[in-house]
Structure formats: structure tokens, C-alpha cells
Amino acid sequence: MRRLLTALSAAMLSIATAIVLVVAAQPASAASLTRVTDFGSNPSNLNMYTYVPDHVASRPALLVAIHYCTGSASAVFNGSAHDYVTAADQYGYVIVFPEATRSGQCFDVSSPQALTRGGGSDPVGILSMVNWAKQRYNVDSSRVYVTGFSSGAMMTNVLAAEYPDVFAAGSAFMGVPAGCFGTTDGSSWNSQCANGQITKTAQQWGDQARQMSGGRSGPYPRMQLWHGTADDTLRYPNFGEEIKQWTNLQGVSQTPSSSDSPQSGWTRTRYGGTGTQAPVEGISVQGVGHALPQSGMVQYAIAFLGLNSSGPGTTTPTTPTTTTSSAPAGTTLGSAAARTGRYFGTAVSAGKLSDSVYTGILSREFTMITPENEMKIDATEPSQGQFSYANADRIVNQATSQGARMRGHTLAWHSQQPGWMQSMEGSALRQAMLNHITQVMTHYRGKIYAWDVVNEAFADGGSGARRDSNLQRTGDDWIEAAFRAARAADPDAKLCYNDYNTDDWSQAKTQAVYRMVQDFKSRGVPIDCVGFQSHFNGNSPVPSNYQTTLQNFTGLGVDVQITELDIEGSGTAQANNYRTVTQACLAVARCTGMTVWGIRDTDSWRASATPLLFDGNGQKKAAYTAVLDALNNGAPPDGGPTTTPTTPTTTTPQPGGCTAVYATTAQWNVGFNGQVSVSGTNNWVLTVTFHAPQKVIGSWNYTGTWDSTGYVLTARPNGSGNVIGFTVEHGGNLTAPTVTCAVG
């Protein structure tokens, strides 16, 4: 489900293994997110968690809260669904948090099994957990509810349609009608549905849901539907189709009984009634994309569902079949990297997509795909003006089917040029290069996360000069021209410069690339990222200043990506080198992901050096384990130990002492990363004030305490330098935190 993964990228959290990470210590009850095992049939191997407040009603309600693609139980517990958690403390209801474990962490709302009552896949596992919780906590069976976000919203519609006898009501943020996403070819992505191109009558939608339920005629759950009018992931027409489906299932008119605007930019329509718990309620949010819920929205959902009431409190019984824990460590490279907000990718050859071992590892482990050769110039434009995309499209389709994103590689390069281009010079070549960039990027517009616009334009050795090539001989501005053409062709794709032997900060080639990027940024030339190929061997080992190189480039205001990683060797030595590279990326806030150049050793361009993470039989090597462990150690211990909030002490800044500069280093639909850089002293005290309802879910490079409001942080050095960072669930409030600095 590539589009969902693009829109719902996990929090861009950047933490080195060696750094002591501080998870935000905001006020909370003693209750915690708890892992549950042995809850019954679980055909798709979902993880399950519960939140049981300290005082549970005698007959509590039960809420199932379902995360978005790339999400997790802890992500919605601490973020999108946290207002549900706070209300559970007040009203004594229990929350179940399912967690998808497949690559991409999306829920199955596509397969025939998932779209049939009792047919298998995720809905059966969720229903097993519902039945377990109902029995364990004496749940009022008439008060079982479901809510979800994006992929979770689609599952909300599916569950409510298939099991109308189980759920009393649902609230779906950014979903599609039940059954809309169905496929029969094994794909988990339905482009027509996502793009809002499937239109049916209300009766047809209702009949589809009734068929999913096994022919049940009702009654069906009440349903609340939320959608942003600018949603370009699950487009806005789906909102109207959902309303058709649920008004039909409820047997009420599609003409609203009432319409109002409870908050600025919201349009709320109610069908079949005008009260808070109308049979169907739709709320559209003007100008908002795939970025719900925003501040205050969950409170409306709580009222609609009927969760804002409780019975007498009781003490929660001991549950011997559960274990209190954080969300589990990632079990694949992709899922472990996603815990840190990064991707983990690989280079793919279209010719190997028929190899089931190859594609099995690919689908399981990797969340970013780079075509090995299929998007290079000779492959995409073999004859001038005649473009060929078949093999590249195969790889894009593979990425879509497994929910991975795409890196495009490469648009302008001195090598692997077709014969017609090799013989060109001057202005004719310049124009041909620009046309190639425009045509290829336009073909893949909206499908590529980042492009290697220019590849390997600098010479090896100590000169720091540009590489002599036919492209260079068109003029020194050829790289700039390429990037400007790329931005015009696809304004949403990240534009990268990619090269090898740029890993050592002291090398002339590295410095030359740095100066070029510095110049581009100073003059407004569009460049978003720098790719480090990172091909290491005995003659070119991982340099000791590798992390410094990555960090220094990000200081120019660009992301860095490890784009073609392979490390010659085997056993412990190779594993240690892979660990070093992974930890370096984790230590740099804007190192957004890593790609290895191939899957198995036998797939490598230098197979005899056995440089990859899987051996020729597809078995995990020691290097794989080293990378996986490093990624999991780089992720925040969700639900783990926290520091006790205390009221910070205000210190008057000393003259000539402390200067602090704040920057938002990454932003996505539900959160952002912030970074504060301190100068003037190594003994600083920062006061960082966040804005309600923002919630810090991870932080690094400092020792900190919180005031009693949970919004004011006092941070001091922990020996990891003078740049601190944090990841924030913004709750709809994107206001940057305010920062003051004093000498400690």
C-alpha cells in the first residue's frame, strides 16, 4: 500500500544506540499498554495490546482502536488515540489495540478472506481479541465500539460491516466504504478505490456490506465518518461513498437531517437523526489532507460512540495470561527501521522478480525499493525520444503490491548512457538530458519518493574536480540545470545528488560535493538530499569519521540517505561494520533511511565479496542480526521507563553565554521532529515550551524534566553534545515550541 505508506510515514525519530534516550515524562496514570497473548484464533499473526485503566466500570465499554499504515499500537496509544486513553481513565472503559505485523504494518482490507465474515486474516484475529476482552473484563456487549485511522479506518468499516452483531458504533478517520479496497489478484492496493474512482449507488454499497456479513439484514452499527477535502491518499470522493453505504445500512435518507459547523472549517451532516448519536454522521474538514485526527476531533468521536459515561469503578483483576511490555521490537529490517522513522530498502532487479525466495525476502524485509538498472538512461530511453518503462514499471508494481516506496535511480550520469547519447555533445546533449529528466519524472510523477537526479559527477583522487564527461563538457551549470528541471517535473519528489567515495570527511571529493551542495542551498537551487553509496571493502573501509560526514551535510539543510550499501567480508568483522554504519545513520537526525545494494550475496554486483545481509541461499547472516539489533536499539522504548516530571527552575541567561536555535527537521501528518542547537557554552539549561495538545513521544541527547502541565521541558547536557532533539505528536497544532537558553 505504497500511497498509504507515503502519506503515513512513521515518526522521523533519530537516536544513536550509544545515546541515552529520554522518553517524555508527561503525567499519566499507573495503567499501561499491555501485550496479550493466547487470545484465540489469529490467522494473520497480529499483535494485541490492551489498555485497562486503574479503575474499570463494573460493566465497561470496549473500544477497538486501529492504527494507520506504518503505525503501531504504541504509536496510536501515545498519539492519534491518546484522547481515548485519557477518557478511559475517566469513564472506566477498556481499549484493545491491534497491531499489524506484515511489511508496512497495514491491515488487510483487500483479500477475499478479510472481506468475508469468518473468512480469516485480520478481522478474525481482531474478533478473537474482542471476545477475549469481553469475557475477561465483563464487558457490556451492547457497548463494543471500533475506531481507526486511514488503514485502521478502512478496517473500522470492514469490521462494522462484517460483524454488525458485535459492534454498536464506529468512528472512521479517513477511510473508504467497506469492500471498496477489495482485490482478487493478491494485491493489497486498489488504486481505483484510493483515488475515489469507484462510484456505486447506496443500495449497491449496502448490498456489498450485507454480503460481507453473510447476508445479515441488521441492525447495523451507527457510523461516524471523517475526511479532509484535500486528502490525496484516500481521496475525498470516498467520503460521499461511505455516507451512501452507511445510510443504506441504517435505512435512512441520504438527505441530511441537520447540517452545522461545530468548528471552523468543519461541515457536519447527520442522517436519520439530529442528536449527538445520530445513525450516521459525516464530518468533512476543509482544506485538510490525509492528516486526521486534528485537535479536539477524538472528543467528538467519544461523544458519538457513547464512551463518555461509566458505571461503578472496580479494581482491575490480575491477568495471568498477559505480560506488561513495550511494543515489540521490529522483527524485520523494515519494521525495525520504521520504529525510528526511517526506511530500510534494497536494490531490485526486474529479472529476479520471478524468484520466489528473492521476492519473499523482498516483501518481508524492505520498505524502500531502488531499481538496480531499470531506471537508468539506457534502459528508459534506448533510442532518442523513444521511452521504455516496462521493466521499471514491474518494479514499481512490486513496490505497490508490498506497500513499499520507491527511490528513482538515476536520471543524469556519465555511465550507462545509450549509444545515441554517448555520441552527443554541447547544447544538443544538454537539451537531450533535460528532456530525459522531464519525460521520465513525468511518467513516474507521484510514484517516486526520491530521485538520484545526478550520479557520480565528481572525480576520484585528491583534486576535488568535476569528473570529465560529455555532460560536464556542456558547461559547469549542468548539475544545477538537471536539478531545476527535476523540480519542475515533479515538485513533490525529493531530489538527491548521489556519489561514492564521499564517506570520509577529510577527502577532497567529499569536500567538493559539500561545497557544491552549500552553493546550491545558498542560491536556492532545488536539492533535498545527498546519497552516500557506501561501498566498503578492505581498501575502502568504513571511515572513523563517517557519522561526522553525514552530520555535516545535514547541517547544510539537506537529508542524507545511505543509498547503495554493501560491505565486503563475512562473520563478526562484517557484522561490526554494518552495525557501525547503521548506528551512524541513527545518530544523525536527517539520515532518513538506508538501502543495501541487493538482497542475497549472489545478487550482488560483487558477489565474490559476499557483501550483503543474506547468503546465497537467502539465509540471514550475522550482519543481518547486527543491523536489526542496531535498528531496534535505536528505537524508543515505547511504554518504557520515564523520568518523574518536576517543576523546572528558571535561570537568568548569563551575558555572552548561551544561544539556542530551534529548527523543525521533519514533519508528517501526525507529528514532527524538532532540533535545538546550542552554542556559547557546554553547560547549558534549555527551557522548551510545547503547545497543547502536543505530546513528546521520544527525545534524545539530553537529561530532562517536565513541569506539572506536561508541556514545559527543562533540558541539560548528558554528554552527547550540544544538539538535542525530540519527536512530537502534534494533535493538529503545528506551532513550533519556544526555547530559552541559560548557562547552567
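Computed over heavy atoms, backbone and side chain alike; hydrogens, waters and symmetry mates excluded.
- Of the possible donor and acceptor atoms, one in the side chain of T86 sits under 3.5 Å from a partner among the backbone N and O of H82.
- Minimum interatomic distance between G306 and Q277 (heavy atoms only, all atoms of both residues): CA-NE2, 3.3 Å.
- Exactly one residue among D559, L556, L550, V558 makes a side-chain contact (heavy atoms from CB on, under 4.5 Å) with V530. That residue is V558.
- When every heavy atom of P737 is checked against every heavy atom of H691, the shortest pair comes out as CA-NE2, 4.0 Å.
- Two residues are said to be in side-chain contact when any heavy atoms from C-beta on lie closer than 4.5 Å; L234 and S150 meet this criterion.
- For Y236, the ring-ring contact (aromatic ring centres under 6.0 Å, His included) partners are F239, not counting sequence neighbours.
- Contact check for Y68 versus M154: no side-chain heavy atoms found under the 4.5 Å cut-off.
- Aromatic ring centres of H67 and F107: separated by under 6.0 Å.
- Under the rule for a side-chain hydrogen bond (donor to acceptor under 3.5 Å, both in side chains), Q675 has no partner lying at least two apart in sequence or in another chain.
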Working note: T554 + Q551, criterion side-chain hydrogen bond (donor to acceptor under 3.5 Å, both in side chains); need CA distance, chi angles, decisive distance, verdict. CA-CA 5 Å; T554 66; Q551 186 69 62; 3.3 Å; yes

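- Inter-residue side-chain proximity for S171 and W226 is flagged as met; some heavy-atom pair is nearer than 4.5 Å.
- Partners of W451 by ring-ring contact (aromatic ring centres under 6.0 Å, His included), not counting sequence neighbours: none found.
- Classification of the Y51-F77 ring pair by plane angle, with boundaries at 30° and 60°, yields tilted.
- Within the model, atoms CE of M48 and CD1 of I126 stand 5.5 Å from one another, a figure rounded to the nearest 0.5 Å.
- Rounding to the nearest 0.5 Å gives a distance of 4.5 Å between CD of Q561 and SG of C529.
- To the nearest 0.5 Å, atoms CG (N238) and CG (D231) are separated by 8.5 Å.
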Check the pair Y91, L307 against side chain to side chain contact (heavy atoms under 4.5 Å, CB included), reporting the backbone distance first and the verdict last. CA-CA 7 Å; Y91 298 113; L307 288 168; 5.7 Å; no

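- Under 4.0 Å is where a charged nitrogen must lie from a carboxylate oxygen, and between D528 and R487 at least one such pair does.
- Here the closest non-hydrogen pair linking M174 and L292 is CE-O, 3.2 Å.
- In plain terms, the two heavy atoms of V678 and C658 that are nearest each other are CG1-SG, 3.7 Å.
- The distance from the SG atom of C585 to the CD atom of Q547 is 10.0 Å, given to the nearest 0.5 Å.
- Put simply, the side chain of T50 never gets that close to the backbone of V96: no donor and acceptor are under 3.5 Å apart.
- In this structure E242 satisfies the salt bridge (charged side-chain N to carboxylate O under 4.0 Å, His left out) test with no other residue, sequence neighbours excluded.
- The ring-ring contact (aromatic ring centres under 6.0 Å, His included) test applied to Y145 returns no partner, not counting sequence neighbours.
- Between I283 atom CD1 and Q224 atom CD the span is 4.5 Å, to the nearest 0.5 Å.
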Could you walk me through whether S151 and Q105 satisfy the side chain to side chain contact (heavy atoms under 4.5 Å, CB included) test, starting with their C-alpha distance in whole Å, then the side-chain angles of each, then the deciding distance to 0.1 Å, before giving a yes or no? CA-CA 9 Å; S151 177; Q105 291 80 57; over 6 Å; no

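- The environment of CD in Q286 is sparse: at most 12 heavy-atom neighbours from other residues, nucleotides or ligands sit within 6.0 Å.
- Here Y93 pairs with nothing under the ring-ring contact (aromatic ring centres under 6.0 Å, His included) rule; sequence neighbours left out.
- Atoms CE and CD1, from M297 and I302 in turn, are 14.0 Å apart once rounded to the nearest 0.5 Å.
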Please lay out, stage by stage, how T714 and V685 fare under the test side chain to side chain contact (heavy atoms under 4.5 Å, CB included). CA-CA 7 Å; T714 299; V685 179; 3.7 Å; yes

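- Here the shortest heavy-atom pairing between A88 and I95 reads CB-CD1, 4.1 Å.
- Note: W266 and Y300 meet the aromatic proximity criterion, with ring centroids under 6.0 Å apart.
- Counting heavy atoms from C-beta on, the side chains of P221 and W246 come closer than 4.5 Å.
- When side chains are defined from C-beta on, T229 does not count as touching V288, because their heavy atoms never get closer than 4.5 Å.
- Using a 4.5 Å heavy-atom threshold, the side chains of V676 and L686 count as touching.
- In terms of heavy atoms, G92 sits closest to V56 at O-CG1, 3.5 Å.
- Side-chain N or O atoms of R222 include one that pairs as donor or acceptor with a backbone N or O of F304 at under 3.5 Å.
- A tilted orientation is assigned to the rings of Y84 and F149, their planes being inclined by 30° to 60°.
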Using the side chain to side chain contact (heavy atoms under 4.5 Å, CB included) rule, take I527 and L495 through it: C-alpha gap first, then chi angles, then the decisive distance, then the call. CA-CA 5 Å; I527 184 169; L495 308 181; 5.6 Å; no

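- Within the 4.5 Å cutoff, side-chain heavy atoms of S259 are placed close to those of T267.
- Residues L33 and S74 meet the side-chain proximity criterion, which asks for heavy atoms closer than 4.5 Å.
- Between the T582 side chain and the A630 main chain, no donor and acceptor come within less than 3.5 Å of each other.
- Of the possible donor and acceptor atoms, none in the side chain of R143 sits under 3.5 Å from a partner among the backbone N and O of P60.
- In this structure a side-chain-to-backbone donor-acceptor pair under 3.5 Å is missing from R405 to T367.
- Judged by distance alone, the side chain of S72 and the main-chain N or O of A75 form a donor-acceptor pair under 3.5 Å.
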